[in-house]
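Taking it in order: structure first as structure tokens, then the write-up.
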Amino acid sequence: MVVGDRSPLIKSSTEDPRGDGKIPFMTKFAFALGAIPNQIIHTVIGFFLTSFLLDVVNLSASVTSIAMLFGRAWDAVTDPMIGFLVQRTHTKWGSLKPWIICSFLPLCAAYAAIWCVPRATYVWRATYAIGAYLLIQTFITGFAVPLSALTMHLSHNPKERDKAITWAMVSAVLATLIGATAQGQITSAMFGPIGAGCANCTLLQNTSKSNQPQTPIQWQIQETFIVGGVAVAVLCAICALFVIFFVPEQKRTAADEHLSKLSLLTCFKIVFGTRSFLYLVMMQLWAWMSVGIAQANLILFLRYALNLEKYFQDLMLTLLLSTMGCVPIFFILLTKLGKKKSFTIGLVMLSGTFLSTFFLPKDMPVYIMHIILCLMGCAISAVYLLPNAMLPDVIEDATVRNKGDRHEVLFYSFFVFTQKFGTGVAVALATAALDTFGKYKNGCCEQDPIIVTILRIVQGPVCATLAAMSLIATLFYPLTSQRVAKNKVFLAQLHEKREEHRKEILLGSQNVDHPAVPSKLQQSTSTFIEAVKSGDTEPLLGGTEL
């Protein structure tokens with residue numbers, strides 16, 4: 001579906017109006033704010049939704065895991081489909097901005113709604129929770145996929161893009177901090193500290209049967225989540241408006257028009273035919289699965305395995321502050337050591353800290369947990385930053401190999417899907433294990449020993465294994481720094497030649513037939529690809545005729 005009029009002479013999607021590749025401060029600031037809605041929603045859902053559905057709404061672990069699985073299965077449909085539709089959308093406002101505009105308000109409404117589970121029968125509560133979760137996944141895809149694709153529109157200068165990505169990742173970690181602490185502080189102000197539930201036996205007043213109605217205490221706790229949900233929704237709406245008004249989208253050239261006519265099957269072949277993207281997907285998938293499980297189970301792990309739930313707010317702050325503080329450190333590392341080596345360092349740290357949690361004794365000094373979470377947060381910062389910084393390199397490599405055609409929306413849609421699907425499935429399976437191998441008792445502060453053992457295994461060896469699998473994929477990641485550098489030089493020349501053709505057409509200095517422009521560019525790129533295969537690109541990089 002192509003919407004609106006086609007303009008035969010429009011700017012390239014890689015063109016920077018200033019010509020020097022520098023990204024204005026306001027653009028970087030607004031782009032960084034755009035990372036907040038997606039991240040803050042996933043953070044609050046990741047930290048609190050499992051416990052909320054189990055101990056506040058009073059759903060069983062099986063139903064909670066089904067809700068997670070349904071949401072991620074729905075993601076498997078919406079992410080690639082929305083990416084496909086975004087690429088086929090063409091309006092006078094661009095192809096990305098209309099989706100952001102149409103998605104951000106429904107996303108905010110759906111997020112606020114998921115905490116408003118009605119006081120009704122068990123079936124209605126379960127149905128409502130699953131439905132609200134599906135709506136969140138739908139609209140967050142409509143917002144996050146085009147927003148991520150805007151990365152390639154910020155500048156043709158890769159160093160400037162890396163800086164903008166770092167800004168966005170710092171903002172994302174800050175959003176994680178805001179989301180997790182804000183919900184905790186609102187609950188503390190209105191009801192009492194989250195970690196005080198077991199200490200003062202407020203949760204123990206509920207029956208351990210999950211199919212029972214909510215108690216008055218549970219409803220009071222839910223009211224605090226409703227207030228927090230509305231506050232976060234308002235913040236997300238404000239951040240989205242900054243993106244809409246201050247982050248520019250460069251329009252397509254006539255050479256890019258044929259991209260909107262590609263079939264869905266062709267799009268799949270382009271994405272999954274890119275070897276470097278497959279490795280990057282595996283790197284991100286396993287890493288985020290480990291982080292997602294650890295994040296979702298943190299409250300339960302502290303409560304039942306370590307008896308440290310009363311320190312939850314302080315421990316969470318340690319984790320998130322160390323994550324935010326280490327993002328600039330890993331940015332420096334990637335400039336000195338390269339992205340692959342920097343990510344390897346982060347994954348080794350992540351595997352070690354996850355594995356150490358399995359051996360932690362109950363009622364240990366809390367400062368030990370602070371140290372472990374500090375190291376874990378530093379490693380998690382690499383998971384936030386480096387895969388996102390590596391994706392533009394993959395897209396540029398695919399652009400060279402696809403004869404100058406850039407499909408950033410497709411790559412970003414599958415990339416976003418990988419993170420959401422991986423974390424959702426992992427969390428769902430970890431939650432289902434509580435009912436599969438044991439019997440989780442809702443609202444109780446003491447669980448059977450088998451439940452404690454499951455939490456230790458999931459938080460320790462399982463998360464460590466997933467991080468190690470990401471490490472193995474990283475070791476085989478095929479893009480070398482030399483290859484990335486050659487791609488960047490060639491694409492910079494490609495950009496300059498396309499800009500020359502555009503100016504010639506606008507000035508009327510030559511009678512250039514529009515379809516001939518992409519044809520010449522594709523011929524030049526094909527020549528370059530053959531040179532790449534033979535390992536000799538220097539003559540081409542010196543002066544390519546388009």
Side-chain angles (χ1 to χ4, degrees), residues 41-79 81 110-111 113-141 206-214 218 222 225 229 285 288-301 304 417-444 447-448 450-451 454-455 457-459 462-463 466:
I41 288 173
H42 279 304
T43 295
V44 180
I45 287 177
F47 272 116
F48 297 106
L49 185 61
T50 299
S51 181
F52 174 77
L53 295 178
L54 287 173
D55 295 326
V56 179
V57 180
N58 216 22
L59 300 182
S60 68
S62 299
V63 172
T64 301
S65 65
I66 288 173
M68 300 293 182
L69 282 174
F70 273 20
R72 300 315 178 181
W74 181 238
D75 257 350
V77 177
T78 58
D79 277 23
M81 281 302 301
Y111 174 77
I114 198 170
W115 309 107
C116 302
V117 179
R119 301 182 72 176
T121 63
Y122 182 79
V123 173
W124 173 240
R125 277 180 281 152
T127 303
Y128 180 94
I130 293 173
Y133 191 58
L134 292 179
L135 287 176
I136 289 177
Q137 297 305 321
T138 300
F139 293 120
I140 206 168
T141 299
N206 178 41
T207 176
S208 64
K209 296 182 179 179
S210 58
N211 59 357
Q212 295 298 315
Q214 289 174 278
Q218 287 175 314
Q222 183 174 346
F225 281 96
L285 174 65
W288 273 110
M289 286 179 75
S290 65
V291 172
I293 291 176
Q295 178 179 280
N297 283 346
L298 183 59
I299 296 178
L300 301 180
F301 181 71
Y304 300 120
F417 159 73
T418 300
Q419 178 182 345
K420 294 194 297 180
F421 182 79
T423 55
V425 170
V427 171
L429 293 177
T431 305
L434 298 177
D435 264 356
T436 302
F437 301 103
K439 183 60 181 176
Y440 183 85
K441 295 178 287 187
N442 297 70
C444 290
Q447 298 287 344
D448 296 333
I450 185 62
I451 296 295
I454 291 171
L455 288 171
I457 292 174
V458 168
Q459 199 77 4
V462 171
C463 288
L466 291 170

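Nothing fancy with the numbering, it's 1 onward along the sequence.
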For [X] against [Y], the heavy-atom pair lying closest together:
X	Y	result
Ala67	Tyr133	O-CD2, 3.3 Å
Ile454	Ala433	CD1-O, 3.5 Å
Ile45	Tyr111	CG1-CE1, 4.3 Å

**Request:** Can you sort out the partners of Thr127 under side chain to side chain donor-acceptor pair (under 3.5 Å), two or more places apart, ordered by chain and number?
**Result:** none
**Message:** Would you say that His42 contacts Ile140 through its side chain, given a criterion of any heavy-atom pair below 4.5 Å between the two side chains?
**Reply:** yes
**Message:** Determine whether Thr64 and Leu434 satisfy the following criterion, side-chain contact (heavy atoms from CB on, under 4.5 Å), listing intermediate values before the conclusion.
**Reply:** CA-CA 11 Å; Thr64 301; Leu434 298 177; over 6 Å; no
**Asked** Residues two or more places apart in sequence or in another chain: which of them pass side-chain contact (heavy atoms from CB on, under 4.5 Å) with Ala113?
**Response** Tyr128
**Request:** Kindly write out the residues that satisfy side-chain contact (heavy atoms from CB on, under 4.5 Å) with Phe52, not counting sequence neighbours, or none if the list is empty.
**Result:**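 Phe52 satisfies side-chain contact (heavy atoms from CB on, under 4.5 Å) with Leu49, Val56, Val57, Trp115, Val117, Gln222, Phe225 once adjacent residues are dropped.
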**Prompt:** Would Ile114 and Leu135 count as a side-chain contact (heavy atoms from CB on, under 4.5 Å) if you check the C-alpha gap in whole Å, the side-chain angles of each, and the deciding distance to 0.1 Å?
**Reply:** CA-CA 9 Å; Ile114 198 170; Leu135 287 176; over 6 Å; no
Any chance you could measure [X], atom [atom1], to [Y], atom [atom2], to the nearest 0.5 Å?
X	Y	atom1	atom2	answer
Tyr304	Leu455	OH	CG	8.5 Å
Trp74	Thr138	CH2	OG1	5.5 Å
Leu59	Thr50	CG	OG1	11.0 Å

Tabulate below the donor-acceptor pairs under 3.5 Å that side-chain atoms of residues 290-301 make, not counting sequence neighbours, or state none.
{"from": "Ser290", "atom 1": "OG", "to": "Ala287", "atom 2": "O", "distance (Å)": "2.6"}

**Request:** Check ring pair (Phe, Tyr, Trp, His ring centres under 6.0 Å) between Phe139 and all other residues, then give those that pass, not counting sequence neighbours.
**Result:** none
